[in-house]
Peer 1: 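Shown below is the structure under consideration.
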Amino acid sequence: MNEVSTDDVRLWGGRFAGGPAEAVAQLSVSVGFDWRLARHDLAGSRAHARVLARAGLLSEAELAQVLDALAALGEECAAGRFRPTVADEDVHTALERGLLERLGPLGGKLRAGRSRNDQIATDLRLYLREAARGLGGQLADLAAALTEQAHQHLHTPAPGMTHLQHAQPISFAHQLLAHVQPLLRDLDRLRDWDARAAISPLGAGALAGSSLPLDPETVAAELGFTQACANSIDAVADRDFVAELLFVTALVGVHLSRLGEEVVLWTSQEFGWVELDDRYATGSSIMPQKKNADVAELARGKAGRLVGGLVAVLTMLKGLPLAYDRDLQEDKEPAFDAVDTLALVLPALTGMVATMTVRADRLAAAAPIGYSLATEVADWLVRRGVPFREAHETTGRLVAWCAGQERELHEVTDAELAAIDERLTAEVREVLSVDSALAARTTPGSTGPKPVADQLAAVQAELARWQEWTAQPATPS
Ligand code: ARG
C-alpha cells in the first residue's frame, strides 16, 4: 500500500543533491520543542483537507480517507505510539510522514496551497489561545484563594506600609485583595489578547496566498478564529501575538514576584504574620529548625525567565525583513517556557495561599505600632478647622515628643497634649484606635470595613465570570 518512500522525510528535498550536514540538521531541527503543536497541526490539516475537497482538489472518497487517517494519527500521537524520529525536522515533517505511511501518495496531496509558514503561525495561535485559557483558569484559582483568605480576614486589622515602614492601619483583607486586583487585570489582558490573536493565517501559503481556490474564511471559522488574515505577508511574518502574550506572562510573573516577596517577609521571624502549611514549605539540610517559603521564593525568582522570554522575542523580531524568516522559529521556546513556568508556579502558589495560617493576633497587635495613627490626629485637627499644613506640623511634634519619651500616642496626658499644642484636647483620643481609624474610612476603595466588604463581593462576582471564559474552548472540537 505504501507507494512512496518515507526514508527521506524532508519536505524540500527536490532541488538538493543530498541531505544537510549534520551540524545544519542539528541547528535546524525544531521537532524537539514544536512536537507539542501536533494536535493543533492536525486540526489545521483537517480544515485544509475539507477546503481542498470543496475546491475539487480532493474527491469525497479521498477526503474521507484523509480525515480517517488524520483521526487515526491523532489517536496514535495522543497515545504516544506515533512519535517524531531524529530525521523529522519539525512537527509538520513528522505528521506528513505519518500521513504518507498511512495513505501513500494521497498523503502528499494535503500540502497543496499550504506552506509551513502559514501552518506554523496557525498552530502557534491555536496552541497559545488554548494555553491562555488554561493559564486564565490557574490565575483565577490563585485569585480565588487570595479572595477566600480576604473573606476570612475581613475584620483583621494590620499594619499598612509604604517604603516598608508602618504607615497607616489597614484591613488585612484589603492588602490581600490588592494582590487580587492585578490578577484580575491580567485576566482581562489575556482575554483582550485572545481577541486579537483570533486571526487565521491559513491561506497565506508561503507569503503570497495561493493560486488554488482556497477559502480562508471558512477555514478560519472551522478553527475557532474570528476571521482570516487581511494580508498574507503579515500573516506569516507577524509574531505580535507571541510578544504580546509574553508581555502578559511577564507581567503575571512580576505580580507573582511581588506576592512572593510579601509572603517571604510575612513568614519571617521579624514579621511573624503568616505560617505556611508544612506541605507548602521546605526545610534545610543542615539547620533542623528551618521552615522556608521556597514556593514564594520560586514565584519571585521565575519572574526573571518570564521577562527574559519577552525580551528574547522582541529582540529576535526587531529589524526582521518581511515575510517569513527562520529567525521566527525562535519564538516558540520562550512562549512554551512561559506557559510551562506559570503552569508550575500558579498551582503551588495557590495551594500555599489557600493553606497558610494568618496570625490575626499578631497583625492586630502590630497595626498601631510605629505611630501609624498619627494621620488620624492630623485629620482630627483638620476637621476642627486647622489647616493641614499646621496639623501635620503639630502632629509631627507630638510624634517626636512621644518617640523621645518612648510613649505611644494614646499614653500622652491631657496636660502634655496641651503643652505641645493647645488645640490638642482630650477628645483627640477618640481617634487614637485602630478600629476607629478603619471605621472612619468609608469612601469606595478605601480600607474601612464597608468598602472592603463591597470590594470583596465585587471580586467574588467577577471571579465567577472568569471561570466561564476560561472553560470555553478556543477551538471547536
Ligand atoms: N520550524 C519552523 C518555524 O518554527 C516552521 C516553518 C519553517 N518554514 C520554512 N520555510 N523553513 O518557524
Peer 1: Going through the checks in order, is the side chain to side chain contact (heavy atoms under 4.5 Å, CB included) test met by Leu381 and Phe388?
Peer 2: CA-CA 8 Å; Leu381 285 165; Phe388 187 78; over 6 Å; no

Peer 1: Return the CG to NZ distance between Asp123 and Lys332, rounded to the nearest 0.5 Å.
Peer 2: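 Asp123 CG to Lys332 NZ: 9.0 Å, rounded to 0.5 Å.
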
Peer 1: More than 12 heavy atoms of other residues, nucleotides or ligands under 6.0 Å from NZ of Lys450: is that the case?
Peer 2: no

Peer 1: How far apart are the closest heavy atoms of Leu363 and Pro159, and which atoms are they?
Peer 2: O-CD, 3.7 Å

Peer 1: Salt-bridge test for Asp186 and Arg189: reply yes if a basic N is under 4.0 Å from a carboxylate O, no otherwise.
Peer 2: yes

Peer 1: Start with the C-alpha gap between Glu330 and Arg239, add the side-chain angles, then the distance that decides, and say whether salt bridge (Lys or Arg N to Asp or Glu O under 4.0 Å) holds.
Peer 2: CA-CA 11 Å; Glu330 290 295 311; Arg239 291 295 182 278; over 6 Å; no

Peer 1: Determine whether more than 12 heavy atoms belonging to other residues, nucleotides or ligands lie under 6.0 Å from atom CZ of Arg397.
Peer 2: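 Buried by this count: over 12 neighbours within 6.0 Å.
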
Peer 1: Report the distance from atom CD1 of Ile120 to atom CG of Leu37, rounding to the nearest 0.5 Å.
Peer 2: 5.0 Å

Peer 1: Is Gln149 reaching over with its side chain to a backbone N or O of Val353, donor-acceptor style, under 3.5 angstrom?
Peer 2: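 Yes.
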
Peer 1: Got a salt bridge between Glu130 and Arg39, using NZ or NE/NH1/NH2 to carboxylate O under 4.0 Å?
Peer 2: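 Yes, Glu130 and Arg39 are salt-bridged.
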
Peer 1: Going through the distances and angles, do Thr249 and Leu342 end up as a side chain to side chain contact (heavy atoms under 4.5 Å, CB included)?
Peer 2: CA-CA 8 Å; Thr249 52; Leu342 289 175; 3.7 Å; yes

Peer 1: About how many Å separate CH2 of Trp466 and CG of Leu187, when rounded to the nearest 0.5 Å?
Peer 2: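 Here the rounded value is 5.0 Å.
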
Peer 1: Which heavy-atom pair separates Val236 from Ala204 by the least distance, and what is that distance?
Peer 2: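 Minimum heavy-atom separation between Val236 and Ala204: CG1-CB, 4.1 Å.
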
Peer 1: Between Asp188 and Arg185, is there a side-chain N and carboxylate O pair less than 4.0 Å apart?
Peer 2: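 Salt bridge absent between Asp188 and Arg185.
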
Peer 1: Taking the side chain as everything from C-beta on, heavy atoms only, tell me whether Gln405 gets closer than 4.5 Å to Glu416.
Peer 2: no

Peer 1: Indicate yes or no: does Glu411 engage Arg429 in a salt bridge with an N to O separation below 4.0 Å.
Peer 2: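 Salt bridge: no.
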
Peer 1: Within the supplied structure, the quantity of interest is the number of heavy atoms (other residues, nucleotides, ligands) at a distance under 6.0 Å from Arg326 CZ; does it exceed 12?
Peer 2: yes

Peer 1: Would you say the side chain of Pro157 lies within less than 4.5 Å of the side chain of Pro169, judging by non-hydrogen atoms?
Peer 2: no

Peer 1: Looking only at non-hydrogen atoms, find the nearest pair between Tyr280 and Leu276 and report the distance.
Peer 2: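 Of all heavy-atom pairs spanning Tyr280 and Leu276, the closest is O-CD1, 3.7 Å.
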
Peer 1: Would Lys291 and Glu275 pass as an ion pair if we require N to O under 4.0 Å?
Peer 2: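 No, no charged N to carboxylate O under 4.0 Å.
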
Peer 1: Calculate, to the nearest 0.5 Å, the distance between atoms CG and CH2 belonging to Leu432 and Trp380 respectively.
Peer 2: 9.5 Å

Peer 1: When rounded to the nearest 0.5 angstrom, what distance separates OG in Ser433 from CG in Leu409?
Peer 2: 12.0 Å

Peer 1: Using a cut-off of 6.0 Å, state whether more than 12 heavy atoms not belonging to Glu430 lie near its atom CD.
Peer 2: no

Peer 1: Would you please test Arg46 and Glu222 for salt bridge (Lys or Arg N to Asp or Glu O under 4.0 Å) and show each step?
Peer 2: CA-CA 9 Å; Arg46 282 196 298 275; Glu222 230 171 275; over 6 Å; no

Peer 1: Can you confirm whether more than 12 heavy atoms, excluding those of Glu393, are under 6.0 Å from its CD atom?
Peer 2: no

Peer 1: Tell me every residue that passes salt bridge (Lys or Arg N to Asp or Glu O under 4.0 Å) with Glu297, counting only those two or more places apart in sequence or in another chain.
Peer 2: none

Peer 1: Write out all pairs satisfying salt bridge (charged side-chain N to carboxylate O under 4.0 Å, His left out) with one or both partners inside residues 433-444, taking only residues at least two apart or from two chains.
Peer 2: Glu376-Arg441

Peer 1: If the threshold is 4.0 Å, N to carboxylate O, is there a salt bridge linking Asp340 and Arg36?
Peer 2: yes

Peer 1: Could you walk me through whether Arg114 and Ser210 satisfy the side chain to side chain donor-acceptor pair (under 3.5 Å) test, starting with their C-alpha distance in whole Å, then the side-chain angles of each, then the deciding distance to 0.1 Å, before giving a yes or no?
Peer 2: CA-CA 8 Å; Arg114 184 164 82 144; Ser210 176; over 6 Å; no

Peer 1: Quick one, Gln119 with Thr122, criterion side chain to side chain donor-acceptor pair (under 3.5 Å). Give me CA distance, side-chain angles, the key distance, then yes/no.
Peer 2: CA-CA 5 Å; Gln119 254 182 292; Thr122 306; over 6 Å; no

Peer 1: Could you name each residue pair satisfying side-chain hydrogen bond (donor to acceptor under 3.5 Å, both in side chains) that touches residues 162-171, not counting sequence neighbours?
Peer 2: Gln168-Thr375

Peer 1: Between Leu223 and Leu126, what is the shortest heavy-atom contact and its length?
Peer 2: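 Reported closest heavy-atom pair: O-CD2, 3.6 Å.
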
Peer 1: Take Gln455 and His174 through the test side chain to side chain donor-acceptor pair (under 3.5 Å) and record every step on the way to the result.
Peer 2: CA-CA 9 Å; Gln455 184 192 176; His174 200 47; 3.2 Å; yes

Peer 1: Let's go through Glu468 and Gln472 carefully: what are the C-alpha distance in whole Å and the side-chain angles of both, what is the deciding distance for side chain to side chain donor-acceptor pair (under 3.5 Å) to 0.1 Å, and is it a yes or a no?
Peer 2: CA-CA 7 Å; Glu468 276 169 44; Gln472 273 169 21; 5.9 Å; no

Peer 1: For Gln269, look at atom CD and say whether over 12 heavy atoms of other residues, nucleotides or ligands are found less than 6.0 Å away.
Peer 2: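 No, because the 6.0 Å sphere around CD of Gln269 holds 12 heavy atoms or fewer from other groups.
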
Peer 1: Cation-pi between Arg125 and Phe241: NZ/CZ under 6.0 Å from ring centre and within 45° of the ring axis?
Peer 2: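 Ring-cation test returns yes.
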
Peer 1: With side chain to side chain contact (heavy atoms under 4.5 Å, CB included) as the test, pick out the partner of Thr350 among Asp141, Thr355, Leu139, Val345.
Peer 2: Asp141

